[in-house]
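Below, chains carry the letters A, B, ... as their sequence lines are ordered, and counting in each starts from 1.
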Protein chains: 2
Amino acid sequence: MAEYAGVSAKTVSNVINDYEHVSEQTRAAVKEAIDALGYRVNIAGRQLRKGRTGMIALVVPELDVAYFSELAKHVMTEADRRGMTVLLHQTNGERTRELAALHGFDAQFTDGVILSPLALLPHDLETRDRRLPVVLLGERPWASRTDHVGVDNVRASREATEHLLAGGRRRIAVIGGALRGRQGTDRLRTQGYQQALQAAGLPFDAGLVVPVDAYHWQDGARAAASLLERPERPDALLCLNDHLALGAVRALHEHGVRVPGDVHVVGFDDIEASRFMIPSLTTVAPDKAEIARAAVSLLLQRVEDPAASVHAPQDRTAPHRLIVRESTGGA
Amino acid sequence: MAEYAGVSAKTVSNVINDYEHVSEQTRAAVKEAIDALGYRVNIAGRQLRKGRTGMIALVVPELDVAYFSELAKHVMTEADRRGMTVLLHQTNGERTRELAALHGFDAQFTDGVILSPLALLPHDLETRDRRLPVVLLGERPWASRTDHVGVDNVRASREATEHLLAGGRRRIAVIGGALRGRQGTDRLRTQGYQQALQAAGLPFDAGLVVPVDAYHWQDGARAAASLLERPERPDALLCLNDHLALGAVRALHEHGVRVPGDVHVVGFDDIEASRFMIPSLTTVAPDKAEIARAAVSLLLQRVEDPAASVHAPQDRTAPHRLIVRESTGGA
DNA sequence: CAACATATTTACATCGATGTAATGGCGTGG
DNA sequence: CCACGCCATTACATCGATGTAAATATGTTG
């Protein structure tokens, strides 16, 4: 390459990096050589020297959970805009994989990591290698010293519950809810639900909080089916994501229970399917584009200024809104 | 690192790569040093030397099309099993991005690429740099010299159409179909449809073939709505993917048309949503796990034996089956 | 004990890009 | 004509891991 253009390797490098003191003549010669030989910089060489790869990792539990694939799309768009490449990973919610991500996987080929954790323990965050910039998505229940982007889950859940109450609902079940254990998204959303009940002066029935194994369609279906076996059926379901909600609607349908006629249903995430289901689904829509933007921006701040690793951890709360659709009797 | 363990850098390397002639003693010492210092190999250094990164790219049009995110999951699982890391990219169906993928992006940090093309031209494949192993997914309409994994689209579509015919349908529309232009998936599936009609002795009405901009929910809804404006309505919809089908079902519902009562609907891909929609969707299910397995396996063959780049291009056809559900009056 | 085989470890060069500092060319002011 | 400064280019070292080959240690055989 350098020989072909008749210059030194360094001059090629200078041309590629737009160093100003290069004569028009050599610049042209080098560019021509680049085209002629189809030359492309070798990332490995560059990183070895610069210490940066231009890649960031996005690590989520599962790609076939629509919320995450939709989010991934936004993150990739945003990263692209900022000249970064995204390495996408899934953890299946396994702690070992989340840990691996926190530590930059087996090797170091990533400038930073955006991680949506499920199983991580507080301790894992304390002991992580602070040289690798990390942004957490979702809940950040522990006062960790790590940047974080999320939504106000308690409030969102309270609003969703209030909407159900306003629709005359009195026995609202929570599918995917949690009363104890780690202060995760499920816990917070359940809290919001409890707050709304309390504000309305309604009793809280722990039996209406149904935990699930995963946030998938069939878990929602199973949970809904189990609720129907109770002597006193619920008249509304607050489902902690849209897959659960849609699975639940399906199960209700199979049992001849009408939505919204007999039971109202609300979900979280506003995945695309929810707009098109029959009935369409009322859901809490987090601003995914904003989440992606904030996460990438926070991460690149740390990447570009590693010295800032001492800066106080940042916390961003993205907006959300309740989208009322047919499943709660809406338009 | 090396100093900490009191050995040379090469010995560390030997331990990491399980070189056999290392004394138990030094091996232990090095391992301890690794733990103590949290050492991890630097991929850049390794690749610079070895020329391999252990990463492959999976490049698809859009991640929020469930078929692709489900496929991605399988590819990642399979790659993981074989010690590879997957770099996931989306092209939005833009030719420039597909080209960039073919050429290993701006830089070379990928050992190979699995590409699901939409806009690529035959010429692009002819002129690609053959040093980068590539496996194409989906259709491979041109006799390219590139490995390929797909399903038998013509047959699958014919079977789906036959199923509709067996259900007494006589005016079957094709949403997403194509009569002319590149020999893509749409063309092939339309051909299968035509074959089935012909075999049944039914006339072919080009007006029933409705092209779409993209394979998204709203495109299906729009297409279905336009079909309902025709004087003579179709009594079945063959939708070339599940998103189109589900969007179409929604549109029919909004127009008071019952599925399967008035119109039968079939989709392609068997995404998870299709099992849970109301009505559940009859669909052609490609064996995604098998597609992923074949693609990764073909790719790694080339990666591991670059000399084999002269081997004849391979072509794998993954199995598919028709899953009959409620939208065509099934169980 | 010499000669040789085997095991273990290391020195050195190398992959490609680039930061640092030095080189050589040229113009300007004194 | 010299000193100095600016510009364009390059020599060299370096990032980290590893292949090659050589050095060293240890053991074995005749």
Side-chain angles (χ1 to χ4, degrees), chain A residues 1-34 37-55 83 85 103-111 129 131-132 303-304 306, chain B residues 1-34 37-55 83 85 103-111 129 131-132 303-304 306:
Chain A
M1 170 63 207
E3 315 83 69
Y4 182 97
V7 297
S8 75
K10 179 69 222 231
T11 299
V12 175
S13 169
N14 285 340
V15 171
I16 289 174
N17 293 284
D18 282 321
Y19 179 62
E20 57 178 339
H21 296 305
V22 176
S23 71
E24 271 321 307
Q25 196 176 334
T26 37
R27 192 181 297 275
V30 170
K31 287 198 165 157
E32 197 206 299
I34 288 179
L37 302 178
Y39 169 88
R40 276 162 303 140
V41 287
N42 180 317
I43 276 249
R46 173 176 287 173
Q47 192 216 352
L48 197 50
R49 194 64 242 250
K50 292 205 188 185
R52 294 258 302 269
T53 55
M55 298 198 262
T85 297
H103 295 110
F105 306 96
D106 297 332
Q108 314 148 307
F109 47 72
T110 271
D111 294 340
D129 182 349
R131 280 168 307 184
L132 179 73
V303 171
E304 273 150 26
Chain B
M1 172 62 205
E3 315 82 69
Y4 182 96
V7 297
S8 75
K10 179 69 221 233
T11 299
V12 175
S13 168
N14 285 339
V15 170
I16 288 174
N17 293 283
D18 283 321
Y19 178 63
E20 58 178 338
H21 296 305
V22 177
S23 70
E24 271 321 308
Q25 197 175 333
T26 38
R27 193 182 298 274
V30 171
K31 287 199 165 157
E32 196 205 301
I34 288 179
L37 302 178
Y39 169 89
R40 276 160 304 138
V41 286
N42 179 315
I43 273 254
R46 171 176 288 173
Q47 192 214 351
L48 198 50
R49 194 65 242 250
K50 291 204 186 184
R52 294 258 303 269
T53 54
M55 297 198 262
T85 297
H103 295 111
F105 307 96
D106 297 332
Q108 315 145 308
F109 47 72
T110 271
D111 294 341
D129 182 348
R131 280 168 306 184
L132 179 72
V303 170
E304 273 151 25

Check your understanding: Hey, what do you get for OG1 (A:Thr11) to CZ (A:Arg27), rounding to the nearest 0.5 Å?
Key -> 11.0 Å
Review point. Under the 3.5 angstrom rule, does the side chain of A:Asn17 hit a backbone N or O of A:Tyr19 as a donor-acceptor pair?
Key: no
Study note, to complete from the structure: For A:Ala9 and A:Ala2 the tightest heavy-atom approach is N-CB, 3.7 Å
Revision key, fill the gap. Letter by letter from the 5' end, nucleotides 23-28 of chain D scores (B base, S sugar-phosphate only, - none; protein heavy atoms under 4.0 Å) ------
**Study point:** Any residue meeting side chain to side chain donor-acceptor pair (under 3.5 Å) with B:Thr26, in chain and number order, not counting sequence neighbours
**Key:** B:Ser23
Study note, to complete from the structure: Smallest heavy-atom separation, B:Ala29 atom then B:Ala5 atom, equals O-CB, 4.3 Å
Exercise for review: For A:Glu3 and D:dT9, give me the distance from atom CD to atom C1', rounded to whole Å.
Suggested key: 16 Å
Between protein and nucleotides 11-18 of chain D, what N or O pairs are separated by less than 3.5 Å?
residue: D:dT14; atom: O2; partner: A:Arg49; partner atom: NH1; Å: 3.2
residue: D:dG16; atom: N2; partner: B:Gly45; partner atom: O; Å: 3.1
residue: D:dA17; atom: OP1; partner: B:Tyr39; partner atom: OH; Å: 2.5
residue: D:dA17; atom: OP1; partner: B:Asn42; partner atom: N; Å: 2.9
residue: D:dA17; atom: OP2; partner: B:Tyr39; partner atom: OH; Å: 3.1
residue: D:dT18; atom: OP1; partner: B:Arg46; partner atom: NE; Å: 2.7
residue: D:dT18; atom: OP1; partner: B:Arg46; partner atom: NH2; Å: 3.2
residue: D:dT18; atom: OP2; partner: B:Ser13; partner atom: OG; Å: 3.0
residue: D:dT18; atom: OP2; partner: B:Asn17; partner atom: ND2; Å: 3.1
residue: D:dT18; atom: O2; partner: B:Arg49; partner atom: NH1; Å: 2.8

Please list every donor-acceptor pair under 3.5 Å in which a side-chain atom of residues 45-53 of chain A meets a protein atom from a residue at least two apart or in another chain.
residue: A:Thr53; atom: OG1; partner: A:Met55; partner atom: N; Å: 3.1
residue: A:Thr53; atom: OG1; partner: A:Phe109; partner atom: O; Å: 3.1
residue: A:Thr53; atom: OG1; partner: A:Asp111; partner atom: OD1; Å: 3.0

Point to revise | Angle by which the axis turns from one end of the helix from C:dC1-D:dG30 to C:dG30-D:dC1 to the other, five pairs per end, to 10 degrees | key: 60°
Exercise for review: Using heavy atoms and a sub-4.0 Å distance, could you list which residues of residues 20-32 of chain A are near DNA chain D? By number, please.
Suggested key: A:His21, A:Val22, A:Ser23, A:Thr26
Study note, to complete from the structure: Value for CD1 (A:Ile16) from NZ (A:Lys31), rounded to nearest 0.5 Å, stands at 10.0 Å
